[in-house]
Amino acid sequence: MNDKDIYKLILAEHNRQSHNLQMIPSENHASADVFKALGSILTDKYSEGYPGQRYYGGCEVVDKVENLARDRAKALFGVSHANVQPYSGSPANSEVYMALLDPGDTIMGLALSFGGHLTHGHKVSASGIFYRSVQYETGSDGYLDYDVIAKMAQKEKPKILVVGATAYPRIFDWQRLRVIVDSVGAWMLADVSHIAGLIVAGEHPSPVGIADVVMTTTHKTLRGPRGAMILCSGKPSTPLKKVERIKENLPTLIDRAVFPGMQGGPHNHQTAAIAVALREAAQPDFKIYARQIVSNAKKLALELKARGFELVTGGTDNHLLLVDLTNIGVSGKEAEDALNKVGITVNKNTVPFDPRGPFDPSGIRLGTPAVTSRGLKEDDMTTVAEWILQAIKGRADNKKLDLLSNEVKKFALRFPLPSDQKV
Ligand code: DSN
């Protein structure tokens with residue numbers, strides 16, 4: 001690479017990732033094939049529009065790429081329509097709102113400080129600025145309280161109920177949520193970005209066939225490139241005729257909101273890399289991988305609890321753990337910093353009813369997708385839990401943190417990143 005400045009930084013990031021354990025639950029390690037597609041010549045091509053209906057010439061190859069990605073998405077998730085063009089999750093959610101709502105309509109989503117997402121109606125995001133937003137919370141036990149959600153829906157009459165989270169360690173009862181949505185005649189959007197890989201592997205119930213629209217990013221448990229997809233069922237797109245906002249028109253409404261509503265040219269290198277990841281996720285060993293993510297998370301939960309850590313909801317059903325550090329007497333930021341020093345990368349996070357602010361909240365969020373991609377198993381979670389305890393306890397002792405950091409590095413290097421593994 002001629003640009004030595006960027007080359008050095010890429011190497012530095014490669015070293016950081018391979019010397020450390022990445023335990024931010026929304027991160028993962030994509031395969032060498034995904035990287036190859038991302039770094040390909042497809043990045044040079046403009047192709048506004050959809051396969052067979054483009055505003056540019058020379059799209060015969062990228063049409064095939066996009067069709068392959070769409071077909072693989074449809075087969076993997078069991079839907080009849082997939083839009084694979086969203087640049088990432090936040091634009092994808094905005095596109096769903098644009099498809100189904102008018103400005104000022106009511107969005108009801110899980111509050112960010114209770115594990116939701118900015119784009120589920122948080123007041124400083126477009127979803128909270130251009131729409132009327134009402135936010136539900138979890139109960140004091142950290143679980144969603146479906147009765148409370150039902151009552152709020154009756155009172156607020158949302159036009160769309162958004163279900164999904166970035167820090168919720170339990171499964172979603174999609175059927176129960178559908179009953180709530182139907183009782184007020186709203187749309188239901190399932191944002192499964194965090195759990196998509198678990199869903200396709202059968203490790204978490206699927207909202208397909210229950211929610212009206214399913215949105216997922218492609219780089220979390222699904223282990224692809226950064227990107228997103230919007231999935232639904234209904235009749236295929238029709239040419240420029242105006243269409244009503246009814247279920248059977250969902251594909252047309254979504255496609256028009258993505259392009260030309262929100263986006264211009266699709267990122268064809270990203271689309272190709274999504275197709276690669278979807279093929280990988282359809283292989284039998286992906287099921288084993290997803291089962292191991294959950295198994296590792298459950299083991300880590302047990303080991304942390306045995307060391308005195310309190311977990312929101314007491315444990316996990318999925319890939320992530322939310323640790324409330326109040327009883328340990330350390331803040332989320334202090335814990336994140338201490339763990340960063342020893343090479344365990346996590347992120348500070350609010351816990352339900354957090355008395356502290358988001359810049360220095362009471363908790364940390366931990367996840368197992370990335371370390372499972374490197375091959376860590378249940379027994380390794382015991383080692384990791386002990387390091388977490390030692391790093392937090394010894395946070396003021398730089399000598400101790402250095403020793404721990406060497407141990408973590410030695411251990412981490414035994415598990416090469418998937419993109420470095422010989423296949
Ligand atoms: N920022 C992502 C996460 O960390 O969960 C969600 O977009």
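Every number for a ligand or one of its atoms is a count from 1 in the order of the listing. Small disclaimer: the values here were computed from a predicted structure and weren't measured. The figures that follow rest on heavy atoms only: side chains count, while hydrogens, waters and symmetry mates do not.
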Within 4.0 Å of some non-hydrogen atom of Arg365, the atoms of ligand 1 are 3 (C), 4 (O), 5 (O)

For atom 7 (O) of ligand 1, the closest protein heavy atom turns out to be His117 NE2, 2.9 Å

Check your understanding: Less than 6.0 Å separating the ring centroids of Phe114 and Tyr168?
Key -> no

query = So does Glu280 pair up with Arg72, basic N to acidic O under 4.0 Å?
reply = no

Evaluate the 4.0 Å heavy atom contact test for atom 5 (O) of ligand 1: does a protein atom fall under the cut-off?
yes

Between Leu413 and Ser18, the two heavy atoms sitting closest are CD2-O, 4.0 Å

A student checking ligand 1 against Ser26 at a 4.0 Å heavy-atom cut-off should list atoms 3 (C), 4 (O), 5 (O)

Heavy atoms of Tyr289 and Ser373 approach each other most closely as OH-OG, 3.0 Å

| request: For the pair His194 and His319, name the ring-plane relationship: parallel under 30°, tilted 30 to 60°, perpendicular over 60°. | output: tilted

For Thr166, the ligand 1 atoms with a heavy-atom partner under 4.0 Å come out as 5 (O), 6 (C)

Review point. Does His194 reach ligand 1, in the sense of a heavy atom lying below 4.0 Å from it?
Key: yes

